[in-house]
Amino acid sequence: MSDYSFFGAVEKSFDKAAQFTTWDPGILEQIKQCNAVYRMHFPVKIGDKIEVIKAYRVQHSHHKLPCKGGIRFALSVNLDEVMALAALMTYKCAIVNVPFAGAKGGITIDPKKYTPYELEKITRRYTSELIKKNFIGPGIDVPAPDYGTGEREMAWIVDTYTSMRPGEIDGLGCVTGKPVTQGGVRGRREATGLGVFFGLREVLSMHEVMDKLGLPVGVEGKRVVVQGLGNVGYHTAKFFQEHGAKIVGLSEYEGAIYNMDGLDIEKVIEHRKNKGSLLNFPGGTNFAKNTDALEMECDILIPAALENVINGQNAPNVKAKIIGEAANGPLTPEADEIFAKRGILVVPDMYLNAGGVTVSYFEWLKNLSHVRYGRMEKRFTENLNTHILGSIEDLTGKRVDGKEKELILHGPEEVDLVRSGLEETMITATREIMDVWKKNPQIPDMRTAAYVVAINKVGTSYAELGIFP
Ligand code: GLU
C-alpha cells in the first residue's frame, strides 16, 4: 500500500519540513529520534489459560515533562505504529502550545475478544509494569485514551496508580481522559471532535484559501463525509451538523451509507446501536464497499479512524476539496503528493486532532490545582453581571429578558471554560500554520507548514536547554 512504514512516513514529513528551518543537523536528529522505547510482555490469566500480552510505551521526546499521549488497544498495535504516534504527539503538543513532550502506548489485543473483567486485569497489569519502570506519573508520563480505550480504562489506570503510590498528592494527574467523578474534566469526551470542528471552521473562514479551492467560505451547507464513527468521528460529525453542514456520507468497518440531502447523525448512531450496523439505515443508501465513501462527491472528507486509509491507489479517486485528518496518519506520503498536485487541501492530523491533548492539559492542570474550573469565579461573575445589567437597565429605562438576559448574566461553568480554551487554541494554531505557509510559498502543503512550526518550537526548546555535557 505504501513504500513507507508509519514511522518512516513521519520521518519523511519531518525531513521535508526540516529544509525550511535553520536548525543544526544534530538538533534536528535529536528531535526526530524516539528517546525511550519500552516493550513488554506480561502474563494474564484469561479463563483457565495464561495469555502472554505484548505491550509498548514509547517516549518520543523529553524536551518538556511530563510526556503525554494516549494508549491504544488494537490487534494492529506494533512498535513502528507506537513510535510514529509518539512522534506525532511531540509535534502536536508543540503546535498547540501544550507544554508536554510526546509519548504513546499500546497493547496488541482485540479488546472485543475480552470481557470487561479481563480487560481490567490487562489494563491494571500494564499500569503496574509502567510504574515498575517509572514510565508513568503526573510529572513523568501521562497516558490518555486512544483507539480502543476510553474513560473506563483511564479509571482503572488512575486507581492502580494511586493504590500503588499512596499519599502522592498529585496522583490523579497520572492519566487524563478520566470520568468526571474520578478527576476528569467536563468537555474532554468531545474535545478531539470539537477541536477538529474548530480547526476546520477556521480554515473555512479564510477567504484566500477558499477562493483557491473554489468553495464559498463558512461551514453552512458544506457536504461532509466522515470515515469512522468512534468518539472522534461521531463528535466531529455532530458539530458539523449542528453548524449547518450536511453529513452526506458515513463509513464504518461493517459498511458505509450516503444521502446527498444529509444523514441525521444521531439517528444513524441509534440505528447502528439497534441493528449492529450502519447498513440499511432508512434515510440512506448502502455503498457496495465501505471504502467507496472515501471517493464520493463532497466538499470535506474527514478520515477519523486509523492510519493509511488513503494511499497511492485511492487518492486519485478522492473528490473532496478538503481533507481534514481527524485520525492520526490516515494518508500515506504517496497520497499526500497526489493531493498536493491536485490542489486538494490536506489539513494535517498533528494539529487538527490536537483538541484531545489540549483538553487533557486542562484536566492535568485541574488535577494539580485540586479545584474545579469555574468554582471560584462563577458566582462572583454572575453577581457582578447582575449588578452591571441592573445599572444599564436603570440608566436606559429598558429591560432585558429571557435568553438574552441568561446569556449576559451566566457565569462560566467548567465546560464553558474548557471549550473556550480549546476554541482559542485551535484558532491560534490554524492561523500560525497558515501564516508560516503564506510567508514561505516554497512550502508545498499545510502538513509541511505545520511541521515547520513544530520543529521550530521543539528546536527552540532543545537549543535553550542546551545539550547535557
Ligand atoms: N490519543 C489522543 C491523541 O492522539 C489524546 C492524547 C492525550 O490526551 O494525551 O492525541
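All ligand and atom numbering here is 1-based and tracks the order in the structure. Keep in mind the model is a prediction, meaning the values are calculated, not measured.
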Inset, instruction - Could you tell me whether Asn328 approaches ligand 1 through its side chain, its backbone, both or neither, with non-hydrogen atoms closer than 4.0 Å? - result: side chain
Inset, instruction - Could you check whether the rings of Phe287 and Tyr258 sit parallel, tilted or perpendicular, using 30° and 60° as the cut-offs? - result: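 Plane angle between 30° and 60°, so tilted.
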Under 4.0 Å from a heavy atom of [X]: give me the atoms of ligand 1 that qualify, with their elements.
| X | result |
| --- | --- |
| Lys68 | 7 (C), 8 (O), 9 (O) |
| Gly356 | 8 (O) |
| Met89 | 3 (C), 4 (O), 6 (C), 10 (O) |
| Ala144 | 6 (C), 7 (C), 8 (O), 9 (O) |

Any chance the side chains of [X] and [Y] put a donor and an acceptor closer than 3.5 Å?
| X | Y | value |
| --- | --- | --- |
| Gln30 | Asn35 | yes |
| Thr192 | Asn353 | no |
| Thr428 | Glu424 | yes |
| Trp437 | Asp445 | no |
| Tyr56 | Glu81 | no |

Legend entry - Selected option - heavy-atom contact closest to atom 5 (C) of ligand 1, from Met350, Met154, Arg188, Lys104: Arg188
Inset, instruction - Select the closest option to atom 6 (C) of ligand 1 among Gly70, Cys93, Gly177, judged by heavy-atom distance. - result: Gly70
Legend entry - Geometric N/O contact Pro145 with ligand 1, under 3.5 angstrom: yes
Legend entry - Nitrogen or oxygen of Asn353 less than 3.5 angstrom from that of ligand 1: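 There is no such contact.
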Legend entry - Among Lys366, Arg188, Arg375, salt bridge (charged side-chain N to carboxylate O under 4.0 Å, His left out) partner for Glu414: Lys366
Inset, instruction - May I ask whether Lys92 has any heavy atom positioned less than 4.0 angstrom from an atom of ligand 1? - result: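 Yes, Lys92 has heavy atoms under 4.0 Å from ligand 1.
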Inset, instruction - Quick one: look up the protein heavy atom nearest atom 8 (O) of ligand 1 and list residue, atom name and how far away it is. - result: Ser360 OG, 2.6 Å
Inset, instruction - Indicate yes or no for a side-chain donor-acceptor contact from Thr332 to the backbone of Asn308 under 3.5 Å, with no hydrogens or angles considered. - result: no
